[in-house]
Amino acid sequence: MAQRFQLNPKPFTDPPADPLKRVSLIPRSAEQKLAADNLGERRPLAPRTHEDKHFGEQSEHHNVAASPHNKVMDHEAEKKMSSVVPKTAHHPHSSEDLHDANSRHSLVPRSLGHNSLGGRFGPGKNQAFQRNGRPVFSLSDDRVMADRVLKTHSPDMVFFDVRSLLSVVDDIFKSYVPSIDSSSSSASKPSLVFKDYADHTSFETFADLIDQITCEIECKCLHGGESHGMMTSGIHLDSRNTTTFTVLSLVSKYRWDAKLVLVLAALAVKYGVFLLLAETYATNQLTKSLALIKQLPSVFSRQNALHQRLDKSRILMQDMIDLTTTIIHIYQLPPHHITAAFTDHIPTAVYWIVRSVLICVSHISGASGFKQDQVMSFMEVAEIHENSERLRKINAYLLEQLKKSHLTIEDGIVEEEYQELIQTFTTIIHVDVVPPLLRLLRPIDFLYHGAGVSKRRVGINVLTQKHVLLLVSDLENIEKELYILESLYTEAWQQSFEILWVPVQDLWTDAHDARFESLHSNMRWYVLGEPRKLRRAAVRFVREWWGFKNRPILVALDPKGQVMSTNAFPMVWIWQSFASPFTTAREHDLWSEQEWNLEFLIDGTDPHSLNQLVEGKYICVYGGEDMQWIRNFTSLWRSVSKAANIQIEMVYVGKRNPKNGIQPIINTIREENLSHTLPDLFQIWFFWARVESMWESKQRMLKAQRTKGREGFKEEEKDLVLQEIVALLGFGGEGDGWGLVSKTADLMVRAKGNLFSKGLSEFNEWEVNIPTHGFLKALNDHLMMRLPPHHCTRFMLPETAGIIPDEVECTECRRTMEKYYLYQCCLE
């Protein structure tokens with residue numbers, strides 16, 4: 001007859017409050033390993049069972065033979081070990097085999113074996129959950145187990161609404177029983193919600209199967225199978241493996257996700273009946289009679305112990321629900337996206353979920369053996385913890401793969417929609433502008449129109465048969481363009497075309513929503529409604545096909561939806577509404593008619609200076625950040641104008657990309673009455689934006705000529721207007737002073753600050769040439785004579801849609817300039 005034994009380990013000096021902190025769980029770390037030579041604190045050697053053998057491996061008996069290297073043991077060691085592990089056959093423990101809860105919690109178990117299926121406490125110290133960057137939930141035994149699980153899988157295309165059934169199961173698992181759960185003050189109680197499940201599919205077809213599964217797992221939990229190995233929670237460890245495959249054979253013809261839902265439904269039936277008995281035991285005679293037959297009264301009388309068991313089981317139930325939900329989502333993917341990254345691990349997941357179901361049934365069963373225990377044993381707590389950790393790790397991996405698959409699918413959809421948009425705006429012929437706009441903006445189907453209280457929602461159809469300018473921008477770099485457009489948006493504009501603002505953000509937040517509401521509240525033109533719903537394909541299209549980056553663009557569409565220009569801003573800034581319909585042909589015609597003079601340069605930026613030109617005065621436009629040079633330069637001009645008997649008006653235009661550093665200079669110029677200035681920073685920005693637009697427009701013309709086979713660089717050499725524009729861009733990009741003087745359509749004289757100041761101070765040397773050559777020609781000839789042989793000219797160009805030239809000629813020496821790349825986020 002087998003001998004009963006008690007485990008009497010040496011108690012720890014200072015046991016921690018949480019027993020789980022004293023055990024090496026998943027994954028085992030080096031800090032948790034106990035010293036092997038300290039036999040007084042050695043973990044008890046758990047008897048080896050069938051669970052420690054490979055799946056499919058047979059054994060004639062349940063005792064484990066000693067390994068060869070352990071057959072020889074000195075007498076002292078054997079004597080010491082006999083106090084930890086008896087040399088007798090093992091069998092299920094009875095109540096007198098165990099100490100009280102405190103001594104039982106102090107035991108420190110170890111893994112069941114080096115090649116086990118993870119044992120009761122996860123992989124051993126030489127196992128890992130990661131290998132070569134891939135998750136390894138178990139090693140060779142798991143592969144054998146997975147093959148055995150696959151042999152039980154023979155689906156015959158039986159489908160049903162797994163999500164509806166799982167939602168019912170989840171409701172049962174989350175049920176709240178006041179008589180049991182009232183003892184827990186930490187967890188919040190869910191509110192009572194009644195559901196009629198009217199929209200759920202009938203599961204009558206599967207009722208018998210669910211009952212069959214329930215009977216199978218409950219009977220095995222009651223009797224523990226035919227094993228004589230270690231018992232925990234009423235079921236032998238080695239019989240769980242057999243029961244698991246028995247249950248899997250019952251659901252062999254169903255898909256993996258359906259198997260899990262059916263098995264969880266069987267657990268829900270068992271769990272729900274148990275809760276109903278517990279809830280009505282004290283008030284219903286029928287329930288009390290049923291509980292007496294099932295030997296449950298003593299269980300219900302121990303509310304704290306019962307709550308502890310249910311609380312631990314609910315944690316494992318939730319992990320099973322989470323992993324099952326993930327597997328359901330996997331099988332909702334298109335078939336060709338269900339790759340080996342999923343199928344290699346789903347059988348393993350199914351096995352451990354079914355095995356966890358057996359654990360939960362053991363804990364909620366009336367015959368589970370816990371009616372003799374006041375609290376859960378450490379083995380039981382660790383068992384639930386181990387399986388929860390295992391399921392969470394598998395779920396985390398599958399969720400990561402699922403996320404990658406969703407991204408792949410979404411990328412494929414975006415690519416298809418992107419190609420569709422390219423065809424819509426390039427090859428498909430439309431009869432109205434609305435259809436291509438609907439394709440671009442879907443699912444958004446309405447616009448805002450009007451400013452302030454008059455703003456209202458309208459359909460996109462209001463734009464039918466109209467010229468449309470799509471203002472595409474983000475929410476951060478739009479203020480200047482909005483300011484200038486507002487001043488240009490007159491009734492004449494509204495009669496010619498409509499503006500539609502399309503805000504584009506890669507990622508929308510609540511802050512962006514507030515920013516959008518603030519910006520569009522006072523816009524008089526059309527605004528896209530709910531721009532956060534703009535599709536990724538549309539965002540990609542405007543970025544890659546139309547060239548939108550950070551700077552706003554103005555896409556011109558004719559009444560039939562044909563793209564006239566992917567960015568009409570340069571033409572709008574230069575010629576305003578006269579540039580309509582913003583085609584390349586119209587741009588070429590405007591340049592062929594345009595003369596380069598000061599009136600064209602300052603048109604639309606400074607009405608005061610234009611009036612002065614009309615009156616016949618000379619206009620000197622200057623800039624820079626050196627206040628001392630500005631004082632000297634303006635003083636020299638006053639002396640020269642008096643000596644030459646001419647009238648001159650000076651206008652300060654700052655520099656390109658003006659920031660707050662320019663405003664103090666403007667204030668000082670006004671306070672000291674040194675000269676006239678542009679009204680504000682927006683007008684200064686607009687002046688330089690027009691100069692940049694002139695350069696961009698000219699480069700676009702040269703690019704069109706290269707496309708037709710003409711030599712673009714030679715054309716650029718002959719383009720004197722382009723050379724003057726490049727010179728101005730060089731002046732505006734530097735902080736040093738510079739000046740440009742002219743009169744109506746006369747010669748424009750320009751020079752850098754120090755050279756210009758020196759030429760003015762030497763007025764006595766060139767004033768003799770004024771009567772014969774005129775004032776501007778005499779000044780220009782003198783400046784050319786004083787031009788230094790060595791100089792440095794540079795200018796910065798904004799990155800635009802594919803029109804940065806490979807070569808740019810210096811405006812001073814006509815040599816090819818070197819090209820550099822500058823990345824800059826702030827100009828201050």
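Between K655 and I662, the closest side-chain pair of non-hydrogen atoms falls below 4.5 Å. Within the 4.5 Å cutoff, no side-chain heavy atoms of M564 are placed close to those of L557. Residues I553 and V555 have side chains in contact (heavy-atom distance under 4.5 Å, counting atoms from C-beta outward). Residues H449 and K455 fail the side-chain proximity criterion, which asks for heavy atoms closer than 4.5 Å. Between E671 and I666, every side-chain heavy-atom pair lies at or beyond the 4.5 Å cut-off. Taking the side chain as every heavy atom from C-beta outward, W766 and I770 approach each other to under 4.5 Å. A heavy-atom distance below 4.5 Å is not found between the side chains of I422 and T424. Contact annotation: the side chain of P559 approaches that of Q465 to within less than 4.5 Å [non-hydrogen atoms, C-beta and beyond].
In this structure, Y652 contributes its side chain and I630 its backbone to no donor-acceptor pair below 3.5 Å. Listed for the R551 side chain is no donor-acceptor partner under 3.5 Å among the backbone atoms of S473. With hydrogens and angles disregarded, no donor-acceptor distance shorter than 3.5 Å links the side chain of S635 to the backbone of R631. Using a distance-only test at 3.5 Å, with no hydrogens or angles considered, a donor-acceptor pair links the side chain of N611 to the main chain of P607. The backbone N or O of P664 lies less than 3.5 Å from a partner atom in the side chain of T668, making a donor-acceptor pair. Proximity of a side-chain donor or acceptor of S580 to a complementary backbone N or O of F582 within less than 3.5 Å is not detected. Under a 3.5 Å cut-off, the side chain of W591 and the backbone N or O of R586 do not form any donor-acceptor pair. Side chain of W688 to backbone of V653: a donor-acceptor contact under 3.5 angstrom is found. In terms of modelled atom types and a separation under 3.5 Å, the side chain of K617 and the main chain of Q612 share no donor-acceptor contact. Listed for the S521 side chain is a donor-acceptor partner under 3.5 Å among the backbone atoms of S518.
No more than 12 heavy atoms of other residues, nucleotides or ligands lie within 6.0 Å of CD in E595, so this atom counts as exposed by the packing criterion. Within a 6.0 Å sphere centred on CD of E599, other residues, nucleotides and ligands contribute 12 heavy atoms or fewer. Under a cut-off of 6.0 angstrom, the local environment of CG in N764 is crowded, with over 12 non-hydrogen atoms contributed by other residues, nucleotides or ligands.
Geometrically, R543 does not engage F548 in a cation-pi contact defined by less than 6.0 Å to the ring centre and at most 45° from the axis.
Separation of atoms CG (L488) and CD (E481) is listed at 12.0 Å; rounding is to 0.5 Å. Rounding to the nearest 0.5 Å places CD1 of I478 at 7.5 Å from CG of L485. One finds the NZ atom of K758 at 10.0 Å from the CG atom of N754 (value rounded to the nearest 0.5 Å). Rounding to the nearest 0.5 Å gives a distance of 12.0 Å between CH2 of W573 and CD of E696. L437 CG to T464 OG1: the interatomic distance, rounded to the nearest 0.5 Å, is 10.0 Å. Interatomic distance, CG of L598 versus CG of L601, reported as 6.0 Å (0.5 Å rounding).
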Self-check item: Test log, rule ring-ring contact (aromatic ring centres under 6.0 Å, His included), inputs F425 and W546
Solution: CA-CA 11 Å; F425 286 95; W546 286 347; 5.3 Å; yes
Exercise. Evaluate the ring-ring contact (aromatic ring centres under 6.0 Å, His included) criterion for residues Y483 and F686: first the C-alpha distance (whole Å), next the side-chain angles of each, then the deciding distance (0.1 Å), finally the verdict.
Key: CA-CA 10 Å; Y483 178 86; F686 183 49; 9.3 Å; no
Self-check item: Intermediate values then yes/no, side-chain contact (heavy atoms from CB on, under 4.5 Å), L534 and V502
Solution: CA-CA 9 Å; L534 203 62; V502 181; 4.1 Å; yes
Quiz prompt | Intermediate values then yes/no, side chain to side chain donor-acceptor pair (under 3.5 Å), R690 and T605 | solution = CA-CA 9 Å; R690 287 189 76 247; T605 60; 5.5 Å; no
Practice problem: Show your reasoning for whether side chain to side chain donor-acceptor pair (under 3.5 Å) applies to E587 and S697. | Solution: CA-CA 8 Å; E587 189 173 24; S697 178; 2.3 Å; yes
Sequence neighbours excluded and cut-off under 3.5 Å, please list the side-chain donor-acceptor pairs for residues 772-781, or say none.
{"from": "T772", "atom 1": "OG1", "to": "N769", "atom 2": "O", "distance (Å)": "3.2"}
{"from": "H773", "atom 1": "ND1", "to": "N769", "atom 2": "O", "distance (Å)": "3.3"}
{"from": "K777", "atom 1": "NZ", "to": "D781", "atom 2": "OD1", "distance (Å)": "3.0"}
{"from": "K777", "atom 1": "NZ", "to": "D781", "atom 2": "OD2", "distance (Å)": "2.8"}

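Taking the charged nitrogens against the carboxylate oxygens, E479 and R515 do have a contact shorter than 4.0 Å, which makes a salt bridge. Remark: E762 engages R786 in a salt bridge, criterion side-chain N to carboxylate O under 4.0 Å. We find that K752 and D736 are not joined by a salt bridge, their nearest charged nitrogen and carboxylate oxygen being 4.0 Å or further apart.
In this structure, F687 and V621 approach most closely via the heavy-atom pair CZ-CG1, 4.3 Å. Here the closest heavy-atom approach between residue A537 and residue L421 is recorded as O-CD1, 3.8 Å. Taking all atoms of both residues into account, the shortest heavy-atom contact from K743 to G616 is CE-O, 2.9 Å.
Taking the six-membered ring where the residue is Trp, W629 and F633 present parallel rings, their angle staying beneath 30° rather than reaching 60°. The aromatic rings of H608 and H676 sit tilted relative to each other, their planes meeting at an angle between 30° and 60°. A perpendicular orientation is assigned to the rings of H512 and W508, their planes being inclined by more than 60° (bins at 30° and 60°).
Remark: W685 pairs with no residue by the side chain to side chain donor-acceptor pair (under 3.5 Å) rule, at least two apart or across chains. In this view, Y526 satisfies the side chain to side chain donor-acceptor pair (under 3.5 Å) rule with no residue, not counting sequence neighbours.
Aromatic rings from Y622 and F756 are positioned such that their centres are separated by 6.0 Å or more. Checked against the 6.0 Å centroid threshold, Y448 and H520 count as a close aromatic pair.
A side-chain donor-acceptor contact under 3.5 Å links Q663 and N667. Residues T677 and R670 bring a donor and an acceptor atom of their side chains to less than 3.5 Å of each other.
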